[in-house]
Amino acid sequence: MSIAAPQGGHEALDVNAVRRDFPVLEQTVRGKPLAYLDNAATSQKPRRVIEAIDHYYRHDNANIHRGVHTLSERATAAYENAREGLARFINANSAKELVFLRGTTEAINLVANAWARPKLGRGDRVLITEAEHHSNIVPWQLLCEQTGAELRVVPVTDSGELDLDAFEQELTGEPAIFAVGHVSNALGTVNPLEYLIPRAKAVGATVVVDGAQATPHLAVDVQALGCDFYAFSGHKMFGPTGIGCLWGRAEHLDAMPPWQGGGEMIKVVRFDKSLWNDIPHKFEAGTPNIAGAIGLGEAAAYISELGIDRIAAREALLLEHATRVLSEVPGLRIIGTGPHKAAVVSFVMTDIHPHDLGTILDHEGIAIRAGHHCAMPLMERFGVAATTRASMAMYNTTEEIDRLAAALTRAREVLA
Ligand code: 7TS
C-alpha cells in the first residue's frame with residue numbers, strides 16, 4: 001500500500017503497484033489482457049475492499065444497533081466507523097450528516113421526496129442542467145408533476161460546459177432548488193461549483209450536488225463547497241455496489257420528515273403517533289447494507305492513502321494522452337472539449353454506430369461503454385443517439401489507451 005504523499009509533495013503514483021491492488025485487472029478477455037476503460041459506469045475493487053467485506057461475513061456478521069451480543073457490537077462499530085471515515089472523506093461537519101443509502105439515485109430521490117416535496121408548489125422552480133444523468137433529472141420531473149412546480153434547464157455550450165449566461169438568467173427566476181452534477185458522466189466536464197453554488201445560494205436556492213462522478217477523482221469538501229446536499233455512490237469509487245451516501249446539512253436533515261418507514265428509523269411506535277429516530281438513522285429504515293457500508297469505508301480509506309491529489313494528477317496525464325491519440329483517429333470526433341474535465345473521453349465516429357464499436361473493442365479485450373449514458377437530453381443536444389465513452393481510473397495505462405486508438409483505427413478500416 002502506498003502512503004499518501006506529504007502535503008505539497010507530488011511523488012507520482014506507482015501504477016504497477018496500484019494495479020496489483022486490483023485482482024480483476026489480472027485477466028485476459030478474448031485472449032487479450034483486459035483494458036478496463038469503463039470506470040464511469042463502475043470502477044474495479046481493490047483487494048482490501050473485497051477483504052473487508054469477506055472479513056465482515058466470516059467473523060462479525062450480525063444485525064446492527066439492536067443486538068446486545070458481541071458480534072452485533074462489532075458489526076455496529078464497523079458500520080458506524082465506516083460512516084465516520086466517509087464523513088471525514090468529504091469533510092462533513094459530523095458523521096450524523098451522512099446517510100447510508102443504495103447510491104446516488106436513491107439519495108437524490110430522498111431529497112426530492114423528503115426535503116422538496118413538502119415545500120414546493122405551483123409557481124416554484126426547480127433548476128437543473130442539460131448535462132445531468134437521468135437520476136438527477138427524473139426525480140425532479142416527478143416532483144414537478146406532483147407539486148405543480150416548474151422544471152427549468154440550464155443549457156450547455158458546444159464544448160459541453162454550462163452556459164453561465166443562461167444560468168445567470170435562470171437565477172433571476174429565483175429557483176427553489178438547483179440540482180447539478182459535480183462531474184458529467186457522459187462528457188467528463190467538471191462544473192465550476194465554486195462559482196455556481198454561491199450564486200444559487202444568493203437567490204435562496206437549496207443546492208443539491210450529484211457527486212457520483214466526482215468522489216473517485218477529486219477532493220470533495222462539502223463545507224468549502226457550501227452546498228446543501230451532496231450525493232455519491234460507492235461503486236464508482238472502488239467500493240461495492242448497492243451502497244452510497246447522502247450528505248445533508250444537519251439542520252436540513254433534522255427538519256425533513258422520514259421518507260421510508262420501518263425498523264431502525266423510529267424511537268417509539270404507537271398506533272396514535274410514532275416518534276422518529278435521530279439523524280441519520282431516521283432515513284435508514286430496515287436492515288441496511290452493512291457489508292456494503294464497511295466496504296465503502298475501506299474504499300474511501302484506500303483513496304485517501306493513495307492521495308486524491310496523486311490520483312487526480314495521474315488521471316490528468318491519462319486524459320491528456322487519450323485526448324491526443326484519439327483525436328488522431330480518422331473520422332473521430334470528441335464530444336466534451338472543455339478545459340476542466342475528469343478522465344472521460346466521449347466520441348462518435350463517422351458512419352459507425354457506437355454499439356458496433358463496443359463489440360469490436362470487446363474482441364480486443366477493451367471494455368468501454370456505448371450508449372446514451374443515461375443522459376438522453378445531452379445526447380439530443382449534440383444531435384447524436386449515442387456515443388462511445390472511454391473512462392479512465394488511476395490504474396489505467398497509456399498503453400491501454402494506445403490499444404484503444406489502434407483498435408478504433410482498424411475498426412474504421414473494416415466498417416466505414
Ligand atoms: N449521477 C451520475 C453523474 C452518474 O454518472 C451516475 C451513474 C448516477 C448519478 C447514478 O448512480 P447510481 O450509483 O445510483 O446508479 N452513471 C453511470 C454511467 O455513466 N454508466 O453507468 C452508470
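In each ligand, atom 1 is the first atom listed, and ligand 1 is the first ligand listed. Quick note: numbers below take in every heavy atom, side chains included, and nothing from hydrogens, waters or symmetry partners.
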Residue, atom name and distance, where the atom is the protein heavy atom closest to [atom]:
atom: atom 4 (C) of ligand 1; result: His133 CD2, 3.4 Å
atom: atom 14 (O) of ligand 1; result: Thr105 OG1, 2.6 Å
atom: atom 1 (N) of ligand 1; result: Asp210 OD2, 2.5 Å
atom: atom 9 (C) of ligand 1; result: Ser135 OG, 3.0 Å
atom: atom 5 (O) of ligand 1; result: Gln213 NE2, 2.7 Å

At under 4.0 Å between heavy atoms, is it the side chain or the backbone of [X] that contacts ligand 1, or both, or neither?
X: Thr104; answer: both
X: His235; answer: side chain
X: Lys236; answer: side chain
X: Glu106; answer: neither
X: Ala212; answer: side chain

Between Glu80 and His65: side-chain donor-acceptor atoms closer than 3.5 Å: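 Checked: Glu80/His65 side chains pair up, N/O donor to acceptor below 3.5 Å.
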
At the 4.0 Å heavy-atom cut-off, does Ala40 count as touching ligand 1?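 Yes, Ala40 has a heavy atom closer than 4.0 Å to ligand 1.
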
Would Arg389 count as a contact of ligand 1 if the rule is a heavy atom under 4.0 Å away?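 In this structure, Arg389 qualifies as a contact of ligand 1 - some heavy atom is under 4.0 Å.
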
Parallel, tilted or perpendicular: which describes the rings of His353 and His355, with under 30° parallel and over 60° perpendicular?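 The arrangement is parallel - the two ring planes meet at less than 30°.
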
Relative to the heavy atoms of Ser233, which atoms of ligand 1 are at a distance of less than 4.0 Å?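 Counting atoms of ligand 1 from 1, those under 4.0 Å from Ser233 are 11 (O), 12 (P), 13 (O), 14 (O).
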
Check ligand 1 against Arg369 and write out every atom of the ligand that is under 4.0 Å from a heavy-atom position of the residue.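 The list of qualifying atoms is 18 (C), 20 (N), 21 (O), 22 (C).
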
Measure from the ring center of Phe283 to the ring center of Phe100 and say whether it is less than 6.0 Å.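 No, too far apart.
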
Centroid separation His372 to His134 less than 6.0 Å: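 Yes, they do, as the ring centres are separated by less than 6.0 Å.
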
Provide the closest heavy-atom pair for Ile368 versus Arg389 in the form atom of the first, atom of the second, distance.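 Shortest heavy-atom separation between Ile368 and Arg389 comes out as CB-O, 3.3 Å.
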
With a 4.0 Å cut-off on N to O distance, would you call [X] and [Y] a salt bridge?
X: Glu26; Y: Arg19; value: no
X: Lys341; Y: Glu315; value: no
X: Glu264; Y: Lys282; value: no

Could you walk me through whether Tyr230 and Glu97 pass the side chain to side chain donor-acceptor pair (under 3.5 Å) check? CA-CA 10 Å; Tyr230 195 98; Glu97 296 185 328; over 6 Å; no

